[in-house]
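Here the structure is a predicted model, which is why all the values come from computation and not from measurement. Lettering of chains follows the sequences in order, A, B, ..., and the numbering in each one begins at 1.
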2 protein chains.
Amino acid sequence: MRNLNSAQIRKDLAQFGEFGRRGVGYSVGDLREHLTKILGLDTPRRVGIVGAGHLGSALANYRGFRASNFTVVALFDNDQKKIGRAVGDARVRVYDAREIARVVRDERVDVAVVAVPARAAQSVLNQLMSAGIKAILNFAPASLSARPGVKVKNVDLTISLETLSSHLARPRAVSTTRPRGVRARRESGESGERELG
Amino acid sequence: MRNLNSAQIRKDLAQFGEFGRRGVGYSVGDLREHLTKILGLDTPRRVGIVGAGHLGSALANYRGFRASNFTVVALFDNDQKKIGRAVGDARVRVYDAREIARVVRDERVDVAVVAVPARAAQSVLNQLMSAGIKAILNFAPASLSARPGVKVKNVDLTISLETLSSHLARPRAVSTTRPRGVRARRESGESGERELG
DNA sequence: TAGATTGTTAATCGATTAACAATC
DNA sequence: TAGATTGTTAATCGATTAACAATC
């Protein structure tokens, strides 16, 4: 966890303009509005999910989106048994994956999610790029190549677990209330070679 | 994307010991082995997933774990209809969530995944901590409080989408092959005020 | 004017890169 | 010895923090 201080926050905010008034402060409402806009969170986004398996279905029903500007407007699959059905509580129906281009246009999909098996992921990405999608969240454990101008963000669940694993491997990262004397310092291996101070 | 150079890699590696031989180089095999160990990826980890809904089921069947040291050994749910069943291709059966402590012990679970609705997440986390779990991956859109020594890593799918959204908001991040003359520089708003050089 | 808080410049700190001695 | 490549020190760069003038 990194700590911030007031100077840094003031400086960072000033990068984007003068939002505050000297001697008075910042207007919370205005600041929130500005930041939302800067981060591109003011525009509602329409999400299309490719793959109506467990993961795709979970995402279509994900409650975390409720408070955000993201709405899932389409699910795609190539399994005829799933096409036309609704998934869970989601209002959205499953479209044939061959109709990606048409549905993206009709439903004005902004952002796509790839939730298909790894072997199908690149092909799906290609279809999405052809359909004009510029922002894609990829859950498939595959490294995909996108053309310039298209942003692919990979969510690799293995990597998430691996960072936890390194925590288990190094229990010295655990916080302690023991005073940091010579002994503690030596154990943690922190710049013990500093001679002054 | 950050670039690394050889000096930095040498320095970083040297932090953990002398893995190379001057004049010769690094042994790829040895280096890989060392790094795997340093990152704590040498020990097989046994994963327990709480919540056998769409997300939990997706994770239990996630192919990305195949090449890793993670094995899903238990699924938990409080839905009697699910308990005792297998989920998808996964060999693992669903246990009663009330048995978390016992199963964690019997199955030697190292790492837990929380894939339950937000309202149940803190309570599940508490159970996992009581059972002695020290590393938890949380998918619920809730900010949980863990006691010191317990590492909770949150995977917030909304945040992942939001970073994509900011890409859509700022198309100037798109790479271009156009030579970076005065015009291009002014557009991208990069330190144009530098006067020397 | 006194007090408060921003925007901004100057000082500090840490991380990256360059340079080079040590080693094979 | 000449060539190559590491480990490590010195130089550079950028980011964070401190200080302060501008403003209300």
Side-chain angles (χ1 to χ4, degrees), chain A residues 1-42 159 162-163 166-167 169-170 172-176 180-182 184-197, chain B residues 1-42 159 162-163 166-167 169-170 172-175 180 182 184-197:
Chain A
M1 199 70 73
R2 164 188 289 180
N3 293 323
L4 298 172
N5 68 12
S6 67
Q8 192 164 341
I9 288 172
R10 287 205 304 280
K11 207 170 184 187
D12 288 355
L13 291 178
Q15 284 289 327
F16 296 102
E18 302 192 1
F19 298 144
R21 286 211 293 168
R22 300 184 183 203
V24 176
Y26 297 96
S27 153
V28 175
D30 284 6
L31 194 56
R32 183 196 168 96
E33 202 177 304
H34 277 296
L35 291 177
T36 302
K37 191 162 186 182
I38 290 165
L39 294 171
L41 303 178
D42 51 337
I159 291 178
E162 283 173 353
T163 63
S166 78
H167 172 78
R170 289 176 299 158
R172 69 182 172 80
V174 171
S175 80
T176 168
R180 297 172 49 78
V182 173
R185 237 187 279 123
R186 188 170 293 154
E187 278 168 22
S188 70
E190 260 181 7
S191 60
E193 66 279 13
R194 196 160 293 182
E195 285 184 286
L196 302 174
Chain B
M1 196 71 73
R2 164 187 291 179
N3 291 324
L4 298 174
N5 67 13
S6 66
Q8 192 163 342
I9 289 173
R10 289 204 303 279
K11 206 171 186 187
D12 288 355
L13 292 177
Q15 284 289 327
F16 296 102
E18 302 193 1
F19 299 144
R21 286 210 295 167
R22 299 184 183 203
V24 176
Y26 297 97
S27 153
V28 174
D30 284 7
L31 194 56
R32 183 196 168 97
E33 202 177 306
H34 277 297
L35 291 177
T36 302
K37 192 161 187 180
I38 291 166
L39 294 171
L41 303 178
D42 52 336
I159 290 177
E162 283 173 352
T163 64
S166 78
H167 171 78
R170 289 176 299 156
R172 67 183 174 82
V174 171
S175 80
R180 297 171 51 77
V182 173
R185 238 188 277 122
R186 189 170 292 155
E187 278 167 21
S188 69
E190 259 179 8
S191 60
E193 66 279 13
R194 196 161 294 181
E195 284 183 288
L196 302 175

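Rounded to whole angstrom, the span from the CZ atom of A:Phe19 across to the C1' atom of C:dG7 amounts to 13 Å. Rounded to whole Å, the distance from CD on B:Gln15 to P on D:dT6 is 17 Å. Whole-Å rounding puts the A:Arg22 CZ to D:dC20 P distance at 16 Å. Between A:Leu4 atom CG and D:dA18 atom C1' the separation is 16 Å, expressed in whole Å. Between the CG atom of B:Asn5 and the P atom of D:dC13 there is a distance of 14 Å, given to the nearest Å. Here the P atom of nucleotide C:dT16 and the CD1 atom of B:Ile9 are 12 Å apart, to the nearest Å. We find that OH of B:Tyr26 is positioned 14 Å from C1' of C:dC24, with the value rounded to whole Å. Counting to the nearest Å, the C1' atom of D:dT5 and the NZ atom of B:Lys11 are 18 Å from each other.
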(request) Would you check, one step at a time, whether the test side chain to side chain contact (heavy atoms under 4.5 Å, CB included) holds for B:Arg10 with B:Tyr26? (result) CA-CA 10 Å; B:Arg10 289 204 303 279; B:Tyr26 297 97; 3.7 Å; yes
(request) Take B:Leu13 and B:Leu35 through the side chain to side chain contact (heavy atoms under 4.5 Å, CB included) test and state the conclusion after the steps. (result) CA-CA 9 Å; B:Leu13 292 177; B:Leu35 291 177; 4.0 Å; yes
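Taken to the nearest 0.5 Å, the CZ atom of A:Phe19 stands 10.5 Å off from the CD atom of A:Glu33. To the nearest 0.5 Å, the span separating CD on A:Glu162 from CG on B:Leu41 amounts to 4.5 Å. For the atom pair NZ of B:Lys11 and CG of B:Asn5, the computed distance is 11.0 Å after rounding to the nearest 0.5 Å.
Mapping A:Arg21 and A:Ala7 onto DNA chain D by nearest heavy atom places A:Ala7 at the nucleotide closer to the 5' end. Where B:Gly23 and A:Val24 each meet DNA chain C at their nearest nucleotide, the meeting point lying more 5' is that of A:Val24.
Side-chain atoms of A:Gln8 lie closest to D:dT16 of the nucleotides D:dT5, D:dA21, D:dT16. Of the candidate nucleotides C:dA18, C:dT8, D:dT6, C:dT8 has the atom nearest to the side chain of A:Glu18.
One N or O donor and one acceptor, one from the side chain of A:Arg10 and one from the base of C:dG7, sit under 3.5 Å apart.
For the pair B:Thr163/B:His167, no side-chain contact is recorded, criterion being any heavy-atom separation below 4.5 Å from C-beta on.
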(message) Please convert DNA chain D into dot-bracket. A pair counts if it is Watson-Crick or G-U wobble with both distances under 3.5 Å; crossing pairs go in [ ] and bases paired with another strand get |.
(response) ..||||||||||||||||||||||
